[in-house]
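The chains referred to below are lettered A, B, ... by the order of the sequence lines, with proteins before strands, and numbering in each begins at 1. Computation of the quantities below employed the complete heavy-atom set of this structure, encompassing side-chain atoms and omitting hydrogens, waters and symmetry-equivalent molecules.
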There are 2 protein chains.
Amino acid sequence: MATETLTAERILAATEDVLRLYGPSKATVVDVARALGVSHGSVYRHFRTKAALREAVTKRWLDRTTGELRQIVEDSSATAEDRLRRWNVHLFEAKRAKAGADPQLFATYEVLLRENSETVDEHIADLVGQLTEILQAGLSEGTFTLGSADVPAGARAVFDATVRFHDPVYAAQWVLPDIERELAAVLDLVLNGLRVRA
Amino acid sequence: MATETLTAERILAATEDVLRLYGPSKATVVDVARALGVSHGSVYRHFRTKAALREAVTKRWLDRTTGELRQIVEDSSATAEDRLRRWNVHLFEAKRAKAGADPQLFATYEVLLRENSETVDEHIADLVGQLTEILQAGLSEGTFTLGSADVPAGARAVFDATVRFHDPVYAAQWVLPDIERELAAVLDLVLNGLRVRA
DNA sequence: CAGCTGACAGATATTGAAATCTGTCAGCTG
DNA sequence: CAGCTGACAGATTTCAATATCTGTCAGCTG
């Protein structure tokens, strides 16, 4: 068990465990090493600094969501409108589920997100990239229009219009009873804005 | 000067000065009293607790913006679409100006907003109320449509779609070069979604 | 000899004693 | 006697001494 070779992935998994257990302020590199049964010097062989380790954990967590959404983007059997709606609903529900299932861990990740804004920016760029693909599909289909805006700018506008339903700063509001209706209302407004006129 | 009667308004103005000078964590009731040349017991005659005092300062600050926007809501010479756009642009520019003009004081208010979420909720209700009036005007004009949503829900959706451009959590992004274009893109999308089809 | 250990220096966090602040109220004052 | 003062108790914050942690590296080990 502790005889397996020490890989970056094993360290990341152990770090997540330690973060869940102690929280972001108390989790130390020594704790991670102890959880793996090695000395902390060995951890530094794989991650140059504690900050780099925390950043890698953050990136791993964000990429799990990006992977799930990828499937919706690539479901070419559905219309662009359908994919756009499902993509946003899935993003909201995935984030809300994470926040609800383990609030302790989610709070930990909120701290990590704040200290790794560059990683978050890359994640946002990934998401906007996926939205760009969906919008492009809708334009090709002839069901979407964007007026004078270019496709990436339109994708960014769709992303911006729904921040309240995916930015963790608003996580506290995701338990309110009207929140799903409010997301639906924003999506109706946005989709109505994208649809070509009859 | 110090002989004037001690009013709630004078205390609020002095509190804002002290907050600007010392910041939210160092500003004490004793400091406020010293600035007014009275004992701190006198301040407690007007505000039951320090929290109530800070809340009143917060409310006063938020109400200044609501007052400015009121004028746009009531400008019945303009179309609803024009008013909706100007209202959102004004809200954005007013907040950005406050953040840029005195970053120290703005940071102080960010702290106050976090500790007075109930006051913030009331402020948001006020703003959504103003948006409701503008949407109602557009419906009466026959230029707006809302599908199946009721007017307050539609107003809330418009508000939600533009959070990135008025919620202080995003203040750091308001200096980015593309931010105005991004607001314009979201407003184009939203207004397109509201407009009745030709 | 690749990968790991553990002692070490400097940086950061914890802790508890001392200082300050909040909120009250009996009494002063104009 | 309405409005203010300032001494006070308990709560909170500050500060400096102490402990712990980060990141390095010479040397150990399988």
Side-chain angles (χ1 to χ4, degrees), chain A residues 1-59 104 107-108 110-112 114-116 118-119, chain B residues 1-59 104 107-108 110-112 114-116 118-119:
Chain A
M1 171 188 196
T3 23
E4 287 169 61
T5 42
L6 189 60
T7 60
E9 175 54 30
R10 280 189 65 219
I11 294 173
L12 291 177
T15 305
E16 197 176 50
D17 290 346
V18 168
L19 281 166
R20 186 182 356 249
L21 201 55
Y22 299 125
S25 64
K26 295 265 183 72
T28 71
V29 176
V30 173
D31 292 330
V32 173
R34 189 174 18 245
L36 288 161
V38 298
S39 88
H40 75 281
S42 302
V43 174
Y44 280 97
R45 182 159 293 279
H46 291 83
F47 296 94
R48 272 199 353 282
T49 63
K50 185 187 185 183
L53 174 57
R54 288 166 77 111
E55 184 186 323
V57 171
T58 308
K59 187 163 165 28
Q104 207 72 36
T108 292
E110 285 186 73
V111 173
L112 293 181
R114 245 168 277 139
E115 72 189 31
N116 294 288
E118 207 163 305
T119 304
Chain B
M1 169 192 198
T3 23
E4 286 170 62
T5 42
L6 190 60
T7 61
E9 174 55 30
R10 280 188 64 217
I11 294 173
L12 291 176
T15 305
E16 196 175 51
D17 290 346
V18 167
L19 282 166
R20 187 183 355 249
L21 202 55
Y22 298 125
S25 64
K26 295 264 183 73
T28 72
V29 177
V30 172
D31 292 331
V32 173
R34 189 175 16 247
L36 289 161
V38 299
S39 88
H40 75 283
S42 300
V43 173
Y44 280 98
R45 182 159 294 279
H46 290 84
F47 296 93
R48 272 199 354 280
T49 63
K50 185 187 187 183
L53 175 57
R54 287 164 79 110
E55 184 187 324
V57 170
T58 307
K59 187 163 164 32
Q104 206 72 36
T108 292
E110 285 186 73
V111 172
L112 292 182
R114 246 170 276 140
E115 71 189 30
N116 292 288
E118 208 163 306
T119 303

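- Look at NZ on B:Lys26: it is 15 Å from C1' on D:dT12, rounded to the nearest Å.
- Contact check, A:Ser42 against C:dC4: no side-chain N or O comes under 4.0 Å of OP1 or OP2.
- The CZ atom of B:Arg34 sits 11 Å away from the C1' atom of C:dC21 (whole-angstrom rounding).
- For C:dA17, the paired base is D:dT14 (Watson-Crick or G-U wobble, both distances below 3.5 Å).
- Base pairing of D:dC25: its partner is C:dG6, meeting the Watson-Crick or G-U wobble criterion (both donor-acceptor distances under 3.5 Å).
- The CZ atom of B:Arg45 sits 8 Å away from the C1' atom of D:dA2 (whole-angstrom rounding).
- As judged by a 4.0 angstrom heavy-atom cut-off over every strand, A:Thr49 is placed among residues touching the sugar-phosphate backbone only.
- Separating the CG atom of B:Leu36 from the P atom of D:dG3 is a distance of 17 Å, rounded to the nearest angstrom.
- Across all strands shown, D:dC1 forms a Watson-Crick or G-U wobble pair with C:dG30, both key distances being under 3.5 Å.
- Closest approach to the B:Val29 side chain among D:dC4, D:dT5, C:dT22 is made by C:dT22 (side chain taken as heavy atoms from C-beta onward).
- The A:Ser39 side chain lies nearest to C:dG6 when the options are C:dG6, C:dT22, D:dT22.
- Listed nucleotides C:dG3, D:dT22, C:dC21 differ in distance to B:Thr28; the shortest reach to its side chain belongs to C:dC21.
- The separation between A:Arg54 atom CZ and D:dC21 atom P is 14 Å, rounded to whole Å.
- Considering only heavy atoms from C-beta on, B:His46 comes within 4.5 Å of B:Leu6 through its side chain.
- For the pair A:Asn116 and A:Leu112, the tightest heavy-atom approach, listed with the atom from each and the gap, is ND2-O, 2.9 Å.
- D:dT20 atom P lies 14 Å from atom OH of A:Tyr22, rounded to whole Å.
- Side-chain atoms of A:Leu6 lie closest to C:dC4 of the nucleotides C:dC4, C:dT24, D:dC4.
- In this structure, A:Lys50 places its NZ atom 15 Å from P of D:dT24, rounding to the nearest Å.
- In terms of modelled atom types and a separation under 3.5 Å, the side chain of A:Arg54 and the main chain of A:Pro24 share a donor-acceptor contact.
- For B:Tyr44, whose side chain is taken as the heavy atoms from C-beta onward, the closest listed nucleotide among C:dG23, D:dT14, D:dT22 is C:dG23.
- Checked against C:dT22, D:dT22, C:dC4, the side chain of B:Val30 finds its nearest nucleotide in C:dT22.
- Judged by atom type and distance alone, A:His40 reaches the base of D:dG23 through a side-chain donor-acceptor pair under 3.5 Å.
- In this structure, CZ of A:Arg48 is placed 13 Å from P of D:dC25, rounded to the nearest angstrom.
- A donor-acceptor pair is defined here as one N or O able to donate and one able to accept, closer than 3.5 Å; such a pair exists between the side chain of B:Arg10 and the backbone of B:Thr5.
- The closest donor-acceptor contact from the side chain of B:Asp31 to the backbone of B:Ala27 lies at 3.5 Å or more, if one exists at all.
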